[in-house]
*Asks:* 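Here it is: the structure, laid out below.
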Amino acid sequence: MTKVLFYIILDVMKIDKSLINTLREDPKEAESRSHRILLRGGFIKQLASGVHTYLPLGWRVILRISNIIREELDRIGGQEMLMPAIAPKEIWQESGRWDEYGDDMFRLKDRKGRDYCLCPTHEEIVADIARTTVRSYRDLPQIWYQIQTKFRDELRPRFGVIRSRQFIMKDSYSLDQDPAGLDHSFELHRQAYTRIFKRCGLDFEVVNASGGLMGAGESKEFIAIVDIGEAQVVSCNKCDYRANIEAAVGVGVTELFNDEALAEVHTPGKKTVIEVSDFLKVSRKNLIKSIFFTAPDKKSILILLRGDYDINENIIKNIFGFSYRAASSEEIIRFFGAEPGYIGPYGKEGFDIHADDLLKGTKGMITGANKNEYHIKGLNIDRDIKVNKYLNLRYVKQADHCPNCDGELNIKNGLELGHIFKLGTKYSISLNAAFLDEYGERKPIVMGSYGIGLERIMACACEQKGDDKGTAWPVSIAPYELYLLVLNPSENDVKELADKWNAELIANQFRVLLDDRDISAGIKFNDSELLGIPIRLIVSPKAVKQGRFEVLTRESGELLEIERNDVIKKCCQIREELYRKLNE
RNA sequence: CGGGGCGUGGCGCAGAUGGCUAGCGCACCAGCUUGGGGUGCUGGGGGUCGCCCGUUCAAAUCGGGUCGCCCCGACCA
């Protein structure tokens with residue numbers, strides 16, 4: 001059995017001496033299954049929106065998760081350290097993220113009025129360490145990691161511990177001399193993450209992702225498929241194509257309409273695609289949406305999209321730059337002389353037009369006339385407007401076609417557990433973290449950044465393994481492995497046997513939760529199920545008399561009656577089997 | 001930030017046409033009881049009704065403000 005580093009954990013806990021405090025009723029704020037179980041079971045306690053205490057039971061789960069992560073990161077050569085949770089403004093200004101991060105960053109001032117933040121992530125700090133400690137290509141590659149509290153002032157914390165403002169993250173950073181080295185470090189992380197989530201007993205998928213604010217390099221997410229997931233995963237029903245919807249590329253079908261002359265149509269009060277298509281009794285596919293983007297100091301762009309698709313703004317930002325935003329109503333009115341809903345590509349200049357590739361060659365389309373209460377019909381894209389580029393700019397829809405084969409794409413909800421990506425030289429250049437290569441040439445370090453949300457693993461286990469009664473921890477992350485449930489502990493022979501077995505189980509490296517409380521049986525049964533301890537052994541007067549003992553495996557529900565002399569051996573076997581299954 | 005909801009012992013809730021010691025269930029403490037699925041009984045402890053201001057002889061209850069929390073959406077590493 002693995003021991004947790006730095007912490008001494010008693011392998012037995014009497015439940016009535018512990019802080020374990022289960023609730024009979026669901027706390028009213030809990031909506032998701034994991035939130036309900038974690039609160040009711042006394043694993044966590046909320047202090048403020050998105051801020052939680054991990055009570056002893058929950059903390060044991062977190063510690064066991066961290067331990068698995070440590071083992072797997074150490075295995076790929078990671079070196080654990082601990083960086084500060086607060087950092088001065090200056091270092092964040094060097095990368096530009098003091099401004100880019102916006103309101104998601106918790107900020108504070110010290111007594112002298114100097115600005116600090118509570119770090120939402122640590123690329124800048126790593127680059128700062130690297131620029132003074134890494135000098136030569138001989139110092140590379142490196143993998144550094146920490147398990148640390150992160151702070152993000154989320155607009156809307158949700159689902160208890162799943163989207164919170166203070167959370168524990170394992171973040172690691174790779175430093176390499178060149179892109180090939182980065183590829184290798186990235187692959188090592190991909191393997192380590194796969195082992196970590198498997199060992200934690202979770203069902204997950206590895207999908208292509210988009211980098212967002214972190215940079216545009218390759219990135220993959222490890223996503224658990226659960227209903228409450230905030231991410232959407234696109235997957236092909238025929239091949240192994242998997243992508244976050246933010247990064248997914250679907251193949252759609254171009255729809256052709258009759259060519260006809262341009263004409264204005266009166267569309268009073270009809271602004272949205274649905275309103276206009278209903279009003280004119282045409283398919284949504286016959287409409288073109290026009291979305292106007294502006295950026296300071298850059299040429300504005302007008303994006304055209306077929307009416308039945310939504311725009312993926314990530315693509316706009318990745319292709320054209322992060323400073324682009326969808327224009328405000330005021331900007332639109334100023335530029336087009338019409339309200340949003342009535343604007344279009346025809347007859348206006350001063351911006352570039354980029355169109356979704358499903359619009360290529362389309363004729364007879366309907367779009368805004370740049371005049372309030374009017375649209376135009378009969379737009380022939382090649383004849384009437386000048387499109388700079390055709391690009392895939394849309395979100396995938398259910399049943400779009402796969403980019404890699406002839407399969408169909410499905411969309412499911414998922415929860416992001418981990419994310420790995422290739423940063424490249426973004427931070428090393430801006431923070432001047434460089435090394436001398438073997439020819440004496442100064443080069444920026446090539447970085448990668450890799451995160452795992454520890455609480456999300458805990459919550460996800462509850463979502464995936466739990467039921468109406470409570471959770472069913474995978475044995476590898478369970479706070480205790482065996483629930484020793486004692487009925488009528490006041491009877492001497494019962495108590496003696498329970499104590500004897502308790503000692504034997506501990507001798508066999510079991511983490512035992514001993515429930516010999518002098519309360520009614522039902523409470524103990526219900527608690528054992530709510531707390532989700534993998535194996536339950538019952539010692540009762542009846543069982544002592546008959547010499548046969550009940551052993552329940554929580555997750556499978558398998559119930560065994562075991563002869564007295566075989567009980568400890570059987571418990572060991574069940575535990576081994578549970579661990580074995582995780583490594584399959 | 002837009003929409004909706006909620007703040008009354010640790011948890012879940014009732015009380016709201018202003019009115020007299022603010023209730024119930026669970027949990028907690030003491031005792032008895034029961035003893036394989038939240039047992040029964042008795043006796044206890046615990047709440048300035050989120051906060052502020054106002055109206056009133058009188059405010060948990062009415063009015064205004066404010067803070068917090070939850071849900072839906074928008075936003076986003």
*Asks:* So which pairs with a foot in residues 516-541 of chain A pass side chain to side chain donor-acceptor pair (under 3.5 Å), sequence neighbours left out?
*Replies:* A/K14-A/D516, A/T22-A/D527, A/D515-A/R517, A/R517-A/D527, A/S528-A/R536, A/E529-A/R536

*Asks:* Without decimals, in angstroms, what is the distance between A/F159 CZ and B/C71 P?
*Replies:* 7 Å

*Asks:* Can you build the contact string for nucleotides 34-41 of chain B? Use B for base contact, S for sugar-phosphate-only contact, and - for no protein heavy atom under 4.0 Å.
*Replies:* -BBBB---

*Asks:* Looking only at atom C1', what distance separates B/A59 and B/G45, rounded to whole Å?
*Replies:* 28 Å

*Asks:* The criterion is ring pair (Phe, Tyr, Trp, His ring centres under 6.0 Å); which residues satisfy it with A/H35, sequence neighbours excluded?
*Replies:* none

*Asks:* In whole Å, I'd like the distance from the CZ atom of A/R163 to the P atom of B/G73.
*Replies:* 13 Å

*Asks:* Without decimals, in angstroms, what is the distance between A/H35 NE2 and B/C69 C1'?
*Replies:* 11 Å

*Asks:* For RNA chain B, which residues of residues 42-58 of chain A approach it to below 4.0 angstrom with any heavy atom?
*Replies:* A/Q46, A/A48, A/S49

*Asks:* Does A/Y342 have any ring pair (Phe, Tyr, Trp, His ring centres under 6.0 Å) partners at least two apart in sequence or in another chain, and if so, which?
*Replies:* A/H375

*Asks:* Using atom C1' of each nucleotide, how far apart are B/A58 and B/G68 to the nearest Å?
*Replies:* 29 Å

*Asks:* How close or far is atom P of B/C72 from atom CD1 of A/I228, stated in whole angstroms?
*Replies:* 10 Å

*Asks:* Applying a 3.5 Å limit to both distances, which nucleotide forms a Watson-Crick or G-U wobble pair with B/C75?
*Replies:* none

*Asks:* Restricting to nitrogen or oxygen on both sides, can you table the protein-nucleotides 29-31 of chain B pairs closer than 3.5 Å?
*Replies:*
none

*Asks:* Side-chain contact test, heavy atoms from C-beta onward, threshold under 4.5 Å: evaluate it for A/F197 versus A/I452 and give yes or no.
*Replies:* yes

*Asks:* Could you point out which residue of A/E221, A/K220, A/R242, A/E246 forms a side chain to side chain donor-acceptor pair (under 3.5 Å) with A/N208?
*Replies:* A/K220

*Asks:* Considering only atom P, compute the distance from B/G5 to B/G44 and round it to an integer number of Å.
*Replies:* 42 Å

*Asks:* For A/I319, does the CD1 atom sit with more than 12 other heavy atoms under 6.0 Å from it, leaving out its own atoms?
*Replies:* yes

*Asks:* P atom, B/C70 versus B/G37: distance in rounded Å?
*Replies:* 38 Å

*Asks:* Is the distance between the ring centroids of A/Y324 and A/F293 under 6.0 Å?
*Replies:* no

*Asks:* Quote, to the nearest angstrom, the C1' distance that separates B/C72 from B/U8.
*Replies:* 27 Å

*Asks:* For the P atoms, the ones on B/C13 and on B/C52, what distance do you get once it is rounded to whole angstrom?
*Replies:* 25 Å

*Asks:* Starting at SG of A/C200, measure out to CH2 of A/W473 and round the result to the nearest 0.5 Å.
*Replies:* 10.5 Å

*Asks:* I'd like a table of atom pairs between the protein and nucleotides 1-6 of chain B - only N or O on both sides, under 3.5 Å - with the distance next to each one.
*Replies:*
{"from": "B/C6", "atom 1": "O2'", "to": "A/K28", "atom 2": "NZ", "distance (Å)": "2.9"}

*Asks:* With distance as the sole test, does A/R554 use its side chain to make a donor-acceptor pair with the main-chain N or O of A/I535 at under 3.5 Å?
*Replies:* no

*Asks:* Heavy-atom contacts under 4.0 Å between residues 453-461 of chain A and RNA chain B, which residues?
*Replies:* none

*Asks:* Would you kindly compare A/N21 and A/D26 by the position of their nearest RNA chain B nucleotide and give the one closer to the 5′ end?
*Replies:* A/D26

*Asks:* Quick check on A/K298: does its NZ atom have over 12 non-hydrogen neighbours (other residues, nucleotides or ligands) under 6.0 Å away?
*Replies:* yes

*Asks:* Just jot down the ring pair (Phe, Tyr, Trp, His ring centres under 6.0 Å) partners of A/Y173, sequence neighbours excluded, or say none.
*Replies:* none

*Asks:* Could you give the CZ-to-P distance, from A/R36 to B/C11, as a whole number of Å?
*Replies:* 19 Å

*Asks:* Distance check needed: B/G10 P versus A/L39 CG, whole Å only.
*Replies:* 16 Å

*Asks:* NA contact type, A/E25, heavy-atom cut-off 4.0 Å: base, sugar-phosphate, or nothing?
*Replies:* base

*Asks:* If a pair satisfies side chain to side chain donor-acceptor pair (under 3.5 Å) and one of its residues is in residues 40-51 of chain A, list it, with sequence neighbours excluded.
*Replies:* none

*Asks:* Does atom CG of A/D227 have more than 12 heavy-atom neighbours from other groups under 6.0 Å away?
*Replies:* no

*Asks:* Rounded to the nearest Å, what distance is computed from the CG atom of residue A/L19 to the P atom of nucleotide B/C28?
*Replies:* 14 Å

*Asks:* Between A/N488 (side chain only) and A/S490 (backbone N and O only), is there a donor and an acceptor less than 3.5 Å apart?
*Replies:* no

*Asks:* Provide the full list of side chain to side chain donor-acceptor pair (under 3.5 Å) pairs with a residue in residues 149-163 of chain A, sequence neighbours left out, each pair given once.
*Replies:* A/H122-A/K150, A/K150-A/D171, A/D153-A/R165, A/E154-A/R163, A/R158-A/E230, A/R163-A/E230

*Asks:* Say we look at B/G10 and B/G2: how far apart would their P atoms be, to the nearest angstrom?
*Replies:* 33 Å

*Asks:* Taking ring pair (Phe, Tyr, Trp, His ring centres under 6.0 Å) as the definition, give me every residue that meets it alongside A/Y483, ordered by chain and number, with sequence neighbours left out.
*Replies:* none

*Asks:* Do any N or O atoms from the side chain of A/K289 and from the backbone of A/I303 form a donor-acceptor pair under 3.5 angstrom?
*Replies:* no

*Asks:* Just the rounded figure in Å: distance from C1' of B/C76 to CG of A/D103.
*Replies:* 11 Å

*Asks:* Rounding to an integer number of angstrom, what distance separates B/C53 and B/A74 when you compare their P atoms?
*Replies:* 41 Å

*Asks:* Under a 3.5 Å cut-off for both distances, is B/G10 Watson-Crick or wobble paired, and to whom?
*Replies:* B/C26

*Asks:* Just wondering, more than 12 heavy atoms not from A/D103 lying within 6.0 Å of its CG?
*Replies:* no

